[in-house]
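Read the structure below first, then the notes.
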2 protein chains.
Amino acid sequence: MSKIKETSTNFANKQALADECSEVYAANIIGGQWALVICSWLINGKLRFGELKKLLPNITERMLTLQLRKLEENKIITRTIYAEVPPRVEYELTPIGYELKAVIKQLESWGDKHKALDAANRSNMTKSH
Amino acid sequence: MSKIKETSTNFANKQALADECSEVYAANIIGGQWALVICSWLINGKLRFGELKKLLPNITERMLTLQLRKLEENKIITRTIYAEVPPRVEYELTPIGYELKAVIKQLESWGDKHKALDAANRSNMTKSH
DNA sequence: GACATTACTTACATTTTTTATAGTACCACA
DNA sequence: TGTGGTACTATAAAAAATGTAAGTAATGTC
């Protein structure tokens with residue numbers, strides 16, 4: 001997205017890590033700011049550009065486009081353009097994209113646990129004061 | 001990590017998303033370039049700063065420090081300093097940190113699947129040329 | 001007193017990601 | 001001729017993340 005510099009140290013590091021660690025490879029794919037939420041929504045079924053925009057009230061059109069394009073490049077979603085005016089474009093998870101469901105669930109449940117723990121810590125801190 | 005600007009749109013967006021999506025919340029915590037690999041290594045047991053450095057040949061000391069500090073802040077790891085000279089510091093996963101194991105496994109297996117698919121696509125493309 | 005070792009810190013530069021704003025193309029319909 | 005709706009693109013700028021290079025502190029050993 002925008003262009004990345006393939007001669008940078010950062011690029012080399014990312015490549016090397018992704019090559020030897022599938023978990024990092026995976027994280028790179030779903031790692032954009034909005035990528036995970038987009039996938040979460042798409043798990044429930046295909047959505048139009050405008051629908052996604054409504055579901056993600058704070059995203060800019062540019063960001064939405066960029067993230068969708070990246071997901072498409074990585075074969076996580078497909079993009080279907082209907083030859084209509086005004087245009088209609090639908091985004092849908094591919095099979096491998098849909099398999100993110102398990103990953104997302106896992107992330108979600110870990111996140112919940114962590115949040116709970118954090119809340120507990122906070123309230124303990126309050127109590128002991 | 002360096003300082004972030006709490007008045008930025010980006011900050012607000014991240015917060016809002018993390019609040020309503022535990023999966024995004026989780027992704028933010030383990031989302032640094034090196035955070036996942038560090039955790040992967042620590043799953044096998046505690047490690048010293050220098051040992052991690054050796055395991056991650058391309059990381060700079062600065063980056064390693066930053067990522068470890070962020071993980072510590074988020075209670076993913078603990079930092080134990082031994083009052084010796086030269087200094088000895090050990091990093092170890094906390095219980096919640098250790099629970100990342102399942103997440104990492106899931107990411108890894110999805111990553112492997114995706115890689116395989118990608119490789120298959122590539123060889124198909126080659127064949128059909 | 002100089003040196004080696006370890007785990008950092010600091011200042012700064014570069015790269016990458018995200019946001020802001022203002023367009024564009026298309027055609028049906030009024 | 002003009003307006004409306006949809007899914008974008010282009011350009012610039014801000015913010016965040018990462019990388020580079022050069023220190024620092026403490027102390028046991030030579």
Side-chain angles (χ1 to χ4, degrees), chain A residues 1-17 24 27-38 46-54 56-72 77 79-91, chain B residues 1-17 24 27-38 46-54 56-72 77 79-91:
Chain A
M1 329 279 88
S2 354
K3 44 236 72 161
I4 59 166
K5 200 171 170 184
E6 308 207 345
T7 56
S8 72
T9 305
N10 185 281
F11 181 80
N13 283 345
K14 251 184 199 154
Q15 286 282 82
L17 271 181
V24 175
N28 284 345
I29 290 182
I30 58 174
Q33 172 122 159
W34 307 89
L36 261 182
V37 214
I38 292 174
K46 58 185 166 190
L47 290 168
R48 298 181 55 175
F49 185 88
E51 291 173 323
L52 279 167
K53 212 176 88 179
K54 257 171 240 155
L56 278 35
N58 298 312
I59 200 172
T60 60
E61 299 197 341
R62 174 172 148 77
M63 255 302 123
L64 183 50
T65 304
L66 284 179
Q67 300 275 315
L68 288 169
R69 287 293 189 287
K70 184 181 166 197
L71 289 170
E72 194 192 355
I77 61 175
R79 176 161 175 263
T80 312
I81 309 161
Y82 294 87
E84 301 172 0
V85 169
R88 179 157 64 101
V89 180
E90 285 182 346
Y91 294 94
Chain B
M1 331 270 310
S2 353
K3 43 231 77 163
I4 60 165
K5 199 172 171 186
E6 308 206 343
T7 56
S8 72
T9 305
N10 183 278
F11 182 79
N13 283 346
K14 252 186 198 155
Q15 286 281 82
L17 272 181
V24 175
N28 285 344
I29 290 182
I30 58 173
Q33 173 123 158
W34 307 88
L36 261 183
V37 214
I38 291 173
K46 58 185 167 188
L47 289 169
R48 297 180 57 176
F49 185 88
E51 290 173 323
L52 279 166
K53 213 176 90 179
K54 254 170 244 157
L56 279 35
N58 296 312
I59 201 171
T60 61
E61 302 197 339
R62 173 177 146 77
M63 260 299 127
L64 182 51
T65 304
L66 284 177
Q67 301 275 318
L68 288 170
R69 287 293 190 286
K70 185 182 165 194
L71 289 171
E72 195 192 353
I77 60 175
R79 177 163 175 261
T80 312
I81 309 160
Y82 294 88
E84 300 172 3
V85 168
R88 179 158 65 99
V89 180
E90 285 183 348
Y91 293 94

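Note on naming: letters A, B, ... go to the chains in the order of the sequence lines (proteins, then strands), and numbering restarts at 1 for each one.
The side chain of B:Thr9 approaches C:dT19 more closely than any other nucleotide in the set C:dT19, D:dT20, D:dG5. Checking C:dT19, D:dA16, D:dG5 against the side-chain heavy atoms of B:Phe11 singles out D:dA16 as nearest. Which of C:dT16, D:dT9, D:dT20 sits closest to the side chain of A:Thr65 comes down to D:dT9. Closest contact between the side chain of A:Val85 and the listed nucleotides D:dG19, C:dC26, C:dT18 involves C:dC26.
Under 4.0 angstrom from either OP1 or OP2 of C:dA7 there lies no side-chain N or O belonging to B:Arg88. Distances shorter than 4.0 Å separate some side-chain N or O of B:Asn13 from OP1 or OP2 on C:dT19. An OP1 or OP2 oxygen of D:dA16 is reached within less than 4.0 angstrom by a side-chain nitrogen or oxygen of B:Ser8.
Rounded to a whole Å, the CD1 atom of A:Ile81 is 13 Å from the C1' atom of C:dC26. One interatomic measurement links the two molecules: NZ of B:Lys3 to P of D:dT18, which rounds to 16 Å at whole-angstrom precision. Computed from coordinates, the A:Arg62 CZ to C:dT19 P distance equals 10 Å when rounded to whole Å. One atom, CE of B:Met63, and another, P of C:dT10, lie 15 Å apart when rounded to the nearest Å. The distance between atom CG of B:Asn58 and atom P of C:dT15, rounded to the nearest whole Å, is 17 Å. Atom C1' of nucleotide C:dC26 and atom CD of A:Glu84 are separated by 12 Å, given to the nearest angstrom. If you take CD1 of B:Ile4 and C1' of C:dT18, they are 14 Å apart, rounded to a whole angstrom. Taking atom NZ of A:Lys14 as the reference point, atom C1' of D:dG19 lies 13 Å away to the nearest angstrom.
Mapped onto DNA chain D by nearest heavy atom, A:Gly50 and B:Thr60 fall at different nucleotides, with A:Gly50 at the one closer to the 5' end.
Among the heavy atoms of the strands lying under 4.0 Å from A:Tyr91 are primed sugar atoms or P, OP1, OP2 only; no base atom is included.
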Worked check of side chain to side chain contact (heavy atoms under 4.5 Å, CB included) between B:Trp34 and B:Asn58: CA-CA 10 Å; B:Trp34 307 88; B:Asn58 296 312; 4.2 Å; yes
